[in-house]
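Each chain gets a letter, A, B and so on, in the order the sequences are listed, and its residues count up from 1.
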Amino acid sequence: MSTMSLSVGPQHPGSGHFRLQLKVKGDIIVDVVPDAGYVHRGEEKMCEYRNLVQNIPHLERPVILDSVGVLYPYVLACEDLLDIEVPERAQYLRVAMAEINRIISHLYWLGIYGIFLGHSTMFMWPMGDREPFIDLAQLASGARVTFAYLVPGGVRNDVPDSFESQALKVIRYFEGRLREYDNIFFSNPLFLGRTKGVGVLTKKDAISLGAVGPTLRGSGIRSDVRKTEPYDVYDELDFDIPVLDEGDSYSRAMVAFLEMKESLKIIKQAVEKMPKGPVKVGMRGQVRLPAGESYARAEAARGAMSYYIVSDAGKFPYRIKISPPSFRNLPTIPFLLKGARLADMPVIYWGINYWPVEADR
Amino acid sequence: MIDIPFLILSVLAIVTAIMALESKEIIYGAVSLAITFLMIAGFFIILQVPFLAMFQIIINVGAVAVIILFTVMLVGTGTVVATARDRKNSIFAITVGIVFAAGLIIILSQWPGAIRAVPISLSIKEWVGGIASMLIGPFTPVFLTAALLLTAALIGALTLAKSEGTPEEVKDG
Amino acid sequence: MSEPIENVNDFIKKVLEIAFWVLIFLPMLIFPIILIVENYLPTKISTLMANPDPEMIFALLDSDFFRVAVFPGFTFAAGFAAFIGLWERKILAKMQMRVGPLYAGKFEGILQPIADLLKLMSKEIITPRGVDKPIFWAVPLITVAIAASLLAVIPLSETSVIARTDVGVLIIFAILSFFPIAALMAGWASNSKYPLIGALRALHQMVAYEIPMILAILGVVILSSSMNLLEIVRIQENIWFLFLLPIGAVVFFITALAELERVPFDLPEAESEIVTGWLTEYSGMLFGVILGIAVYVKFYAFAALFTVFFLGGWHGPSVIPAEIWFILKTFLVITLMIIPRGVYPRIRIDIMLRAGWAKLLMLSLLNIFVALLILELGILPVR
Amino acid sequence: MAELSSFLVLSAILFSIGVYGIISKKSAIRILISIEIMLNAVLLNFVALSSFQVLEPPLLLTGQLFAMFVITIAAAEAAVGLALMVTVYRAHQSIEVSNLKRLKG
């Protein structure tokens, strides 16, 4: 039988704004060419015409699901460049918001993963359970999707007093829901049959392909920026990094699932430990940047994300380089798809949690 | 004396049989063949053997026509372009077919048994009982041979058409 | 001549306008013709409307035409199918903590099927370039015809049945063998890759699951020693075959899900892999005819067959009529068939084929042995 | 019901169509279709002959029994033939019988 070439995307329901040129032989994929770049919008170039604070609203656009995660390394890099010390309350708030956003992002991913496996309940439940967390973030920032909450030197505004009790209520609710997710999806025999042993990424391959985030941790490598290079107050909080050794789609999904539990623990500690005080170091007017360069790394929802800022002491940064986790995970997709079955394509593709907009920037 | 359902069915059967061979797209040929099978099943109902008619539909329409369609899709032959030699060949074939048909019709219409024959009709119980007692009685060896033949054909077809193998083998080349 | 229809209001206005003119012209043209023709007929149709003759109405209710077209036949099944569509959405919504259809109709979106129908009718039917037009247009009609012909042999009660035939079970399998052809033809005629892959998957699935299904029903046929569906129901008066042949019931249930292409066996329509499978290129009312009528009529037919084979058909305490018992049982089966859609993800084709050829085939053979054992022990009254 | 001879004539015509197809067609699938048409003509003949009182009671249904055998064996033959065709197509990228010269001795 001869090979047939299939174009999955950008209008295919099985991919995002992204195209996979597949060559299938029977039911088996023999060749894959990923075709990214459909939603490239020149974020890095745009940064060169705006000052540090003006950059915030558009920098979170590529990953509106994970807006705190994508801004975190940026504000860390800015603070490094400007040499600012962030108040402690702001650090706790940032951590809490980052974890809330990690859960929002993981739930969105879980919903899409569910519907792409044909499990419509697993699409509706996470989408519905995002709501309490979105409400929580709205309580803090005033926005529902793009919070623009982190600014260089702290957070944009303080949270109302009801934030702590609200957060604890949401955490209690969601802990119960996670058990139900486990019952209906993660222990479902058909889910196990479809994901166990599918798309195995060994430890060696994961390192040589440069995978990050849950993809890396699903292959048995204990690598998380929050633990390895703790920023803000992460080193004062007690949490664990879930790591699974199998490296298949199941372990990648499970790592993300367990991460949500850990995020709940972090949010709980952060809101309880949070001291009173200012939440921002004032930065009045246009800040003239000092000449120099800075680099910062943080753990966004999809993995380690880093920013590199070069300044020539002008009003605007000279160059900003963004390294998003989706782009770093992109090489694993063709590697895993080659030799897989066509039916496993959505499992592998969405198991990697590739977000085309983030990768294209 | 020829009645109307028989006439309609026979005209349809002959037309679809010719279309099965002469249609430009081979897939139309396969679909026409399925309709021919269906018409034959219709004759069985006229002959009051509904059991056999359903058997014919299940196996010939549901299996034979489907695997022919399936093979056409796998193999994917395009439209046929006739050459001069083909035309000569087909004139020869038409002559042979007509001579054959004329001979058969003359022989059959001269056969005295056909004119004297009277139709019989059996209830389903008698029919099934009769077939069953023959299968278990005098025709047991035929039955077993047919079963063995089917098994052999199944194994043979699977061996012939076995595809490239497991994903790992395909990946390695 | 007329301005283009832009929204639903315009559409309804247009329909009302046409209805107005028809009502104006009908008395002027049609009624005189009817009155003239009537003189040559044995009965007066026009007087029948004003002064109905009860005997004629009963004769109509008892006629074959009424059976085929209305009650156990197509209109009933299509109405039931439309209701199944709504019921499925409501059940799924409840499982997923949503409300489901809510606004069409005053109560719980009860008119949603009509709203869906109007929406699909007002959509454009796109015939893509390169499709094989005769086959492309024939497939929806063929699919509906096949699905509707399944209804002919299903007995709702001792009297409400279209065809009383001695080969009912065989007729069902003969009709089922047409569905792969329809799917293959649709996949080929669409001239697109995803429909072709979907059609091939549908073929694999239907062929692999037809054999366990036939063997599961063979147990029922052995026990009732008849292929007549009426006879099969009659023999279950005291004990349902569900209790005698539980393995057969399970196998039939699973294979029915596979034949219906329902979750978890919806691989031919797996939208994340192959768009909508063999339905990809269909749009507007053609899609509506296949999905809305053919698929759901088939769904009803399979649930009814499960009722006939395993749930004792119309039998039940005679407090309520036999037809109602049958409909209630069918409804229960339909609900059971909907629930997997909220619980299971889609299965993969190799797992499905292995399960079909190895496990279900073994189970259905076991089922036949159970049936033979019951026959040997003489649990059922021998006729 | 129609007479026996009309069934026999019809099956003769169908059989001749099959003969014509076998002689004139080059594509292996068409030849297989011709064989199927011929088999069905024979089938019709068997069933027609046994539905009329031609044989005596013990062997009355022999024709129909043979029809059942013919149907099953036709299915087996089609399966093997088409499997062969797929194999040949993989090797030669063609299923025209005149191209299969390598099969000659």
Practice item. Give, as side chain, backbone, both or neither, the part of L39(D) having an atom under 4.5 angstrom from any heavy atom of chain B. Key: neither
Study note, to complete from the structure: Taking every heavy atom of I105(B) against every heavy atom of A12(D), the minimum-distance pair comes out as CG1-CB, 4.3 Å
Review point. Between Y20(D) and F100(B), does the ring centroid distance fall short of 6.0 Å?
Key: no
Check your understanding: Does any heavy atom of chain B fall under 4.5 Å from the side chain of F66(D), the backbone, both, or neither of them?
Key -> side chain
**Study point:** Pairs of heavy atoms under 4.5 Å with chain B: top-ranked of I17(D), I13(D), V80(D)
**Key:** I17(D)
Study note, to complete from the structure: When the 4.5 angstrom heavy-atom criterion is applied to L65(D) and chain B, the contacting part is both
Point to revise | Contacting region of A17(B) [heavy-atom separation from chain D under 4.5 Å] | key: both
Point to revise | Residue L10(D) versus chain B: region with a heavy atom under 4.5 Å | key: side chain
Exercise for review: Sort L33(B) into side chain, backbone, both or neither according to what part of it lies under 4.5 angstrom from a heavy atom of chain D.
Suggested key: side chain
With a cut-off of 3.5 Å and sequence neighbours excluded, list every side-chain donor-acceptor pair involving residues 133-142 of chain B.
from: S133(B); atom 1: OG; to: G129(B); atom 2: O; distance (Å): 3.1
from: S133(B); atom 1: OG; to: G130(B); atom 2: O; distance (Å): 2.9
from: T140(B); atom 1: OG1; to: L135(B); atom 2: O; distance (Å): 3.1
from: T140(B); atom 1: OG1; to: I136(B); atom 2: O; distance (Å): 2.9
from: T140(B); atom 1: OG1; to: G137(B); atom 2: O; distance (Å): 2.9

Practice item. Select one option (side chain, backbone, both, neither) describing which atoms of V19(D) are under 4.5 Å from chain B's heavy atoms. Key: side chain
Review point. Are L82(D) and F70(B) close enough that some pair of their side-chain heavy atoms sits under 4.5 Å apart?
Key: no
Point to revise | Engaged part of F143(B) at the chain D interface, taking heavy atoms whose separation is under 4.5 Å | key: both
Review point. So, the side chain of R30(D) versus the backbone of A20(B): is there a donor-acceptor pair under 3.5 Å, distance only?
Key: yes
